[in-house]
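Okay, structure first, notes after.
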Amino acid sequence: MMPPATATPIKTTLIDITNCIGCRACQVACKQWNDREGEQTQLDFNLGFQNPATLSAKTYTLITFHELPDDKAPGGLHYLFTMRRCLHCLEPACASACPTTALARQPDGPVVYDASKCIGCRYCIWACPWGVPTAEWDSLAPKIQKCTHCADRSDQPLPGVRNGQALTDEESKRYREQIVVPACVKACPADCLRFGTREDMLQEAHNRISAHPEKYVDHIYGEKEAGGTSVLYLSSVPFDKLGFPDVGTKSYPALSRLALHAVPPAVMALGAMLGGAYAFLKRRASAIVQEQAEKSRPDDHGHHAEFEPLQYKLLTPFNWMLVALMAFGAISLVARFALGLGGSTHLSNTYAWGLWIVFDLVWIAVAAGAFATAGLIYVFQRKDLYSMGRSAVLMGLLSYSFVTVTLIADLGLPWHFYQLGLQAPEQSAMFEVSWCVGLYVTILLIEFLPVPFERWGLQKAMDMWKRWSGAYVAFALTLFVYLLSRNLVYAALTAVLFSFLAWSFRARGKKAEPIMLAIAAVTLSTMHQSSLGSLFLLMPDKLGPQWWSPVIPVSFFLSSIAAGTALVIVVEMWIAKAWKRQPQITQLAAMGEITFWSLLVYLLFRLGDMLVRGQFGSAFSGRLGALFAAELLLGGILPLALLARLRLRAKQNALFIGALLAVLGVVFNRVNVVLLAMRLKGPMPQIAPETYSPTIFEWGISVGLIAATIFLFGLGARLMPLLPREQVGQGD
Amino acid sequence: MYEPVESPVENVLHPKVKHNPLLKYPRIKSHQPIGTVAEFPYVLMTSTVAEHWCGGSSTRNIPWLNELVPEPVLEMPESLAQKLEVKTGNWVKVSSARGELTVKAMVTPRMKPLLADGREVTVVWMPYNWGYRGLSTGPSVNHLTIDAVDPGAGTQETKACLVNVVKVHEPVPTVPRVKGRRS
C-alpha cells in the first residue's frame, strides 16, 4: 500500500545499526527530554548489559544488545546494538485502533498521544505489531506512553541571541537544524541516527547500501514494513537475526477500515430489509389471522400469552448466595479504584486485556438472545415465541448494562468517557462498539419499559412510549450513522429511511407492536456483534490462524445468534426447573431449531472461510490445533447432532445439553480469541512476555456481576409480569 | 616489562627479573599480604563501565545511569563457569589475599582464557564503580585489589591481582541494591 500523499514532508529518523557503539546516550537523552523516571531493575543476565529488557511507560527508547557468532570477527563474535522505539508508521495500527483519537498521526509523521482524550482502553497496546505502546500500570490514572518522535521539540522557542548578539538568519537556520531534531538524534555521538525528510533518508539509505554492498544487507527495514514507517533501519545482518518481526508490507488498518466503512451503509440496508420483511410478513400474518377470525373467535389475541409476576419469596438460600457474590463484586469494584488497574489486576503490557474483556465478549455474544428473539417475534412474525420475549429482553438489558459496568472497571481512565462523544476517529472498531452498545442499551431499556408500565398501570407513560419509541429509533440510528461516517448525506438518508419506517409502522389503535425497536435492536446488534470481531482484525500477527480471518466480524455475528438463542433455551429451562414450572417444550424446541440452523451456518461459514484461505493444512496441529478441535467438536458438532432432529430436540435433556454446549462452544471461542489463541510477545523488543492469571478482584467483579444479573432477573420476575401465566395454574 | 606483584606466571620477557626491582611491596608486612597462585588461581581484571564514573559516587546517584547498569557483576569465561558449575546470574564469592565479596556472575563468550607462559590463565572481570553509599549500592572491588604502586609513576596495580572464585547459594548481606526516585 502506498503511503498517503501528504503535502508536508514526513519527518524520518534513519538508524544505521552498523554505526551504533552502544553508548546508550539516546536512551538517557530520551528520558531527559520526556521526563521519564529511571527504571529500578536488576540486570537480566541473558541480555548482557542491556537494561531494561523491554520498553515500558518509563522507557520510550531502548538499546538492545546482540552478540552474534561470526568467525571473521575478532573473538568470533559480532557485537551489535539496536535502537528500539516507535517506528511511527505511515498508517499506524495504534492510531486506527484508538476510539478517541488520543493516539493520532500528525501529517508530518510523528504518532503522538494526547492523554486528555484517552479513555485507557489499551486497544493500542494489542494493535501495534511491534508492541510499542505501553500503559502506566503503577498509576491510579494509567495513561498510555510511547515515543512521540519528539514532536514537542519542534514547537520550542529558539533563542534569538547568543552572547548578547542577535543571531543572523544563517545562524538561526543552522541552530534550528541542530536543535529541532529528536533528543536521541541530538545525543548520538556516532552518527548512527540521522534525521530528515523521509525522501532524503531513503535516498541516504539507498546510497549507503550501494556504496558499501559488502557492509549492508540490501533491506531498509521500515521502507515497506506495515505500509511503511518513518523510522528506517540499516543493518549488516538480516533483520530477523536482530529480533525484528516480519510484519509484512500491508498496512494494518486497511482491513478494519474496510469492515468499519461498511457499517453506515449496512445500517441502512439492514433497516430497509427488516422493514420490508416486516411489512410483507405482517400482511401475510394478518391475512391468516383474518381467515382464522372469520372461522372462529372474533377478538382473538393471536398467540399472545398472558404474563404475570411470580409469587415466590425472594430471599431463598440461592439468592442469599447471589447477594454474597454481589457484595464480593462490590468490594472488588472498590478495590479496583482504590488500588488502580495495575494494583488490582494482573493485566500487563503483554496481557493488556484479560478476564474482563473475555467476560464482555462472552456476555454480549450470549445476550444476543434479546435481539434474536425480538427480531423473530416482531420482524419475522414468529408469534409462537412471544412468551419468551420479555424474559429474553430483560436478560439482554441486564447483561448489556453490566458489560458497561465491567468496562468502567476495565478502562484505565473511565472518567474521560465523554471523549467518545467529542472525537471522530475514522476507523476504530472500539469506537463503533462503544456507541453501538451504548445506543443498544437504551433500545433494550425502551423495549422493556412496557412491562413495568403494565405492572404499575402507567397508562400515560405507555401512550408516550407508543408515540415516541419509533421516533427515538430513527434518531438513535441517524446519530449512529452520522458518528460512524461523519457524512451528512449518509445521516440524512438514514434519518429519512427510519423516519419513513417509523411513520409507516406507527401505532394504530390499541395493539401497537414495538416493531421499530425490534428493527433497531437487530440492526444495532448486527453492527456491534460483528464489530467485536473487527477489534481483532488488527491482530493477524497475534491471533492464531484458526481464529483470525478478514471475515472474523461475520463469524462473530453468526456465532452470537447461535449462542444467544441457545442461552434463551438454557435460561428458560432453568427457570422452569428452579421455579417448578412447566417448560414450554414446543416453543423451546422451535428455538432449538433456530439455534441449530444458526450454529450450522456459523460453522459452515467459518470452515468455508478457512478452506478458501487454505488454513486447513495445519489447523489441528499443536496447542492451538487442540483448542480449535475442542471448540469445533464440543461446541459445534456435538450440539448440532443433539439439536438436528425434532425427535431429539423435543426431549428436555437433549435440548438442554445441546443448547448448553452451543453456548459453551461460543464462550470457548471468545476465550480462545482473547486469551488462549493469542500469541502475545509483550512489549518491544518482544523478548520477555509476561504471563497472566486473573486476580481475585478480576474474578470478583465478573462473578459479582453475573450474580447481579441472575438476582435482578429473579427480582424482576417476582415484581413484574415477565413470565407467561401457567396454563394449569401450578407453581403458586 | 614486568609482571604485577600478584601474577600467575613468570616474566616471559625477562625471566630473571619478575617485578620492577625498585618496587617495595609489601610496605607494611602485616597489612599487605600477597596471594599465591595456588590459593588464588585466577586473574582479576578491573575497569570502569562507560555508564558510571570512578567509584560511582556521582553517577550512582543518577537514576537514569543506574538504569543502564544497575549492579556490578563478575564477568567470567564459559570454561571457568563450566568448571565451577556457575550459571549466569548465580552468586559467586570472590576472594583475594586481602578480602572477599559476593557478586552475581555473568558468564560470557566475550571473555576467553589466555595462553601465557605455556599455561592457560583464566581472567575474570569486575567493574570498580560500586560502593556502600548511593542510590545503587554494591560491593567495592577494592576489597580485593592490591595497593602495590609503580615505583616511577605511583600508579596502583588495581588492574590485576589474583583471586579465587567459588559458587555460593545465597548472596551475603552486601547485596547490591538499586534505589531511585519513587514513582
Side-chain angles (χ1 to χ4, degrees), chain A residues 21-53 55-63 65-70 73-79 81 136-140 142 145 183 187 189-190 340 342-343, chain B residues 47-53 59-79 81 86-92 103-115 123 125-127 129-130 134-138 171 175-183:
Chain A
I21 55 170
C23 71
R24 299 191 276 186
C26 50
Q27 200 173 319
V28 172
C30 175
K31 298 226 159 189
Q32 187 180 31
W33 177 258
N34 293 299
D35 196 16
R36 299 286 94 199
E37 286 171 16
E39 303 235 21
Q40 298 172 41
T41 57
Q42 296 188 327
L43 287 175
D44 179 341
F45 284 87
N46 298 314
L47 306 175
F49 282 105
Q50 172 187 329
N51 198 51
L55 296 191
S56 74
K58 290 178 186 166
T59 305
Y60 294 171
T61 286
L62 174 69
I63 295 290
F65 286 39
H66 306 271
E67 268 175 357
L68 302 176
D70 181 356
L77 285 174
H78 194 172
Y79 219 176
F81 312 97
E136 294 175 333
W137 295 102
D138 51 0
S139 164
L140 286 179
Q145 296 294 352
Chain B
S47 80
T48 181
V49 292
E51 291 81 357
H52 290 293
W53 188 71
T59 52
R60 280 188 292 104
N61 285 312
I62 298 173
W64 292 334
L65 297 179
N66 284 341
E67 169 189 301
L68 298 181
V69 187
E71 55 190 327
V73 294
L74 183 80
E75 219 174 293
M76 61 163 76
E78 282 167 340
S79 55
V86 167
K87 288 206 181 78
T88 259
N90 287 166
W91 290 94
V92 288
V103 66
K104 281 185 198 164
M106 179 187 267
V107 182
T108 117
R110 291 189 296 270
M111 305 279 293
K112 301 229 161 42
L114 306 173
L115 197 64
V123 181
W125 170 86
M126 199 175 151
N129 313 95
W130 269 265
L135 294 179
S136 163
T137 57
V175 192
R177 290 178 299 132
V178 184
K179 285 185 274 176
R181 263 203 287 170
R182 296 294 303 164
S183 47

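All values derive from a computational prediction rather than experimental measurement. Reminder, nothing fancy here: chain letters follow the sequence lines and each chain counts from 1. Side-chain atoms are counted along with the backbone in the values below, which use heavy atoms only and exclude waters and symmetry mates.
Without hydrogens or angle criteria, B/Trp64 side chain to A/Arg36 main chain gives a donor-acceptor distance under 3.5 Å.
In this structure the side chain of A/Asn51 never reaches within 4.5 angstrom of the side chain of B/Val69, judged on heavy atoms.
Within the 4.5 angstrom heavy-atom criterion, no atom of A/Ser139 approaches chain B. Heavy-atom distances place the side chain of B/Val73, and not its backbone, under 4.5 Å from chain A. A/Glu67 touches chain B through its side chain: at least one heavy atom from C-beta onward sits under 4.5 Å away, while N, CA, C and O do not. Interface residue A/Asn46: backbone and side-chain heavy atoms are both found under 4.5 Å from chain B. Residue B/Ile62: no heavy atom, backbone or side chain, is found under 4.5 Å from chain A.
Salt-bridge annotation for B/Glu67 and A/Lys58: absent, with no side-chain N of the basic residue lying under 4.0 Å from a carboxylate O of the acidic one.
Across all non-hydrogen atoms, the minimal contact from B/Leu68 to A/Leu43 is O-CD2, 4.4 Å. Nearest heavy atom pair, residue A/Thr41 against residue B/Pro70, reads O-CB, 3.2 Å.
The local environment of CH2 in B/Trp53 is sparse, with at most 12 non-hydrogen atoms from other residues, nucleotides or ligands closer than 6.0 Å.
Between chain A and the residues B/Arg110, B/Glu51, B/Lys87, the largest count of heavy-atom pairs under 4.5 Å involves B/Arg110.
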